[in-house]
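Shown next, in structure tokens, is the structure this report addresses.
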Amino acid sequence: MSLFTKFASLAQVRASLSEAGVNPVGVPIDKVLSPSRGVIGGREVILAGTNNYLGLTFDPACIEASRAAALACGTGTTGSRMANGTYAGHLALERAIAEFFGVAHAIVFTTGYQANVGTIATLAGPGEVLLLDADSHASIYDAAKLSGAEVYRFKHNDPDDLSRRLGRLAGRTADTLVVVEGIYSMLGDRSPLAEIVAVTREQGAWLLVDEAHSMGVLGACGRGLAEEVGVEAQIDFITGTFSKSLGAIGGYCVSRHPELELVRAAARAYVFTASPTPATIASTHKALETIRQRPALREQLWRNARRMYEGVKALGLRVGPEPSPVVATLFDDRQQALAAWRELLARGVYVNLVVPPAAPLSLLRCSLSAAHSEQQVDAMIEAYAQMAAVLHIGSSARTVAASAVRA
Ligand SMILES: Cc1ncc(COP(=O)(O)O)c(C=O)c1O
């Protein structure tokens, strides 16, 4: 036995993934040519595994803002927000985010992961309760571990199960924080947020929504699922990230409750880490303005998302439950998903391979962007069709099976 013994099964998974061809774990993107194109393993590919929903990573105004901030304030803050790491830019961005969400309070964190860990692990502590959607992101589960609170899960997207579990906490619901996400990152499905809000309020618990994949993507103004379903006023806390539709890195929590300022003072993931760089803050601020000023980006994203979802579904492949900028394709097992990933890469399409133990299912996760052209989306659908034919899955499998029966 040694410290390393526990890594044996992980090592086995890694070895099986890297047996032949490009290793999908942390595949290097040798060159990034644009938000939608890059070079991997010496060949140009369409990037469709990036979370770059609005394609803002190469937006000239964001790049210029970030360049100007680096020139004016330097490459890093070299300190925590609580010490020397709060610049005028951090405060201006917090005001802009609060105003965007129509609330009085916002905290900027260094990553989206830290926004969840900092907020959730501070809001709920020993003697209190966290009730998490079972499909919650790792940052939410890690926050739960760190919190010292009692942690329960309810069935994914099941308000009745949430209601039953809240019912069992009678007398303690005022000490309970319910956590859900807007769009779930693996299957691209949405939370039934109106029902979740109704159940949570009825039972007197608190509600936090992580809009990491839905901010900039849903809602008339891009504020996310809560805006889209008209329940913003009933949500206690919203967290999110700068690393997806905003095209940078960082995270936030917003709230109508003034106590968020106390969370700021108590959140270890805020207090004991360096603040985001001036360049990051400046490009994020510019990207936030862009979300407000260019709703056409969101419309283009959805045209691409629907086209891809319908195209892949028409191939008879197993897709997520609803059209979404995350188009998931499900496979029987890890090896089949890996083979599909390699077939797509060989045809110039880069998507994310997701396999156990990282997730319970083996799937390919294609994330669409407003920066994809219609031709790129069609090229991706064609690549999926060829992949399905090579692997004998989807309608191609049914065609083969039917012809085999006829023969
Ligand atoms: C739902 C969700 N929350 C939080 C995060 C963490 O965000 P970041 O990667 O910006 O730290 C992610 C990242 O993928 C996510 O999917």
Side-chain angles (χ1 to χ4, degrees), residues 25-26 47-54 56-57 93 97 106-123 130 132-147 153 156-157 177-191 193 196 207-218 223-226 235 237-254 267-270 273-277 279-281 283-284 287-288 320 324-328 351-354 358-361 363 365-369:
V25 182
L47 296 173
T50 64
N51 306 304
N52 199 352
Y53 297 123
L54 300 182
L56 291 180
T57 50
L93 181 57
I97 292 176
I107 306 179
V108 162
F109 290 84
T110 307
T111 69
Y113 178 96
Q114 284 165 303
N116 276 339
V117 169
T119 307
I120 296 168
T122 306
L123 284 169
L130 280 169
L132 314 180
D133 182 289
D135 280 11
S136 289
H137 185 258
S139 55
I140 295 170
Y141 276 112
D142 291 357
K145 265 191 199 161
L146 204 61
S147 70
R153 297 189 294 181
H156 175 54
N157 276 355
L177 178 66
V178 175
V179 182
V180 300
E181 296 176 27
I183 290 179
Y184 284 85
S185 59
M186 290 297 133
L187 295 179
D189 52 333
R190 299 176 192 198
S191 163
L193 198 53
I196 298 274
L207 180 60
L208 181 147
V209 183
D210 178 353
E211 299 262 25
H213 292 269
S214 33
M215 189 259 194
V217 168
L218 292 176
R223 293 197 295 270
L225 183 62
I235 292 186
F237 304 93
I238 291 178
T239 56
T241 174
F242 304 158
S243 71
K244 305 190 193 305
S245 60
L246 292 164
I249 181 166
Y252 60 86
C253 176
V254 296
R268 297 172 67 83
Y270 175 89
T273 195
S275 63
T277 68
T280 299
I281 292 294
S283 82
T284 302
L288 190 66
S324 162
V326 176
V327 177
V351 295
N352 306 122
L353 172 69
V354 182
L361 301 168
L363 58 89
R365 176 183 180 278
C366 171
S367 68
L368 279 299
S369 171

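Read the numbers this way: they start at 1 and go in the same order the structure lists the ligands and their atoms. Quick note: numbers below take in every heavy atom, side chains included, and nothing from hydrogens, waters or symmetry partners. Residues: numbered from 1 along the sequence shown.
Evaluation of the side-chain contact (heavy atoms from CB on, under 4.5 Å) rule for T280 yields A248, I249, P276, T277, T284 as partners, not counting sequence neighbours. Legend: residues meeting salt bridge (Lys or Arg N to Asp or Glu O under 4.0 Å) with R365, ordered by chain and number and at least two apart, are absent. Listed by chain and number, the residues in a side-chain contact (heavy atoms from CB on, under 4.5 Å) with A48 are V351, C366, H372, M380 (sequence neighbours excluded).
Judged by distance alone, with hydrogens and angles left aside, the side-chain atoms of T122 form a donor-acceptor pair with the main-chain N or O of G118 at under 3.5 Å.
Note: F109 and Y270 have perpendicular aromatic rings, judged against thresholds of 30 and 60 degrees for the angle between ring planes.
The ring of Y184 has its center closer than 6.0 angstrom to the ring center of H156.
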Just list the N/O pairs, ligand 1 to protein, that are under 3.5 Å apart, with the distance for each.
residue  : atom   : partner : partner atom : Å
ligand 1 : 3 (N)  : D210    : OD2          : 2.6
ligand 1 : 10 (O) : G112    : N            : 3.4
ligand 1 : 10 (O) : T241    : OG1          : 2.5
ligand 1 : 10 (O) : S243    : OG           : 2.7
ligand 1 : 11 (O) : G112    : N            : 3.1
ligand 1 : 11 (O) : Y113    : N            : 2.8
ligand 1 : 14 (O) : K244    : NZ           : 2.9
ligand 1 : 16 (O) : H213    : NE2          : 2.6

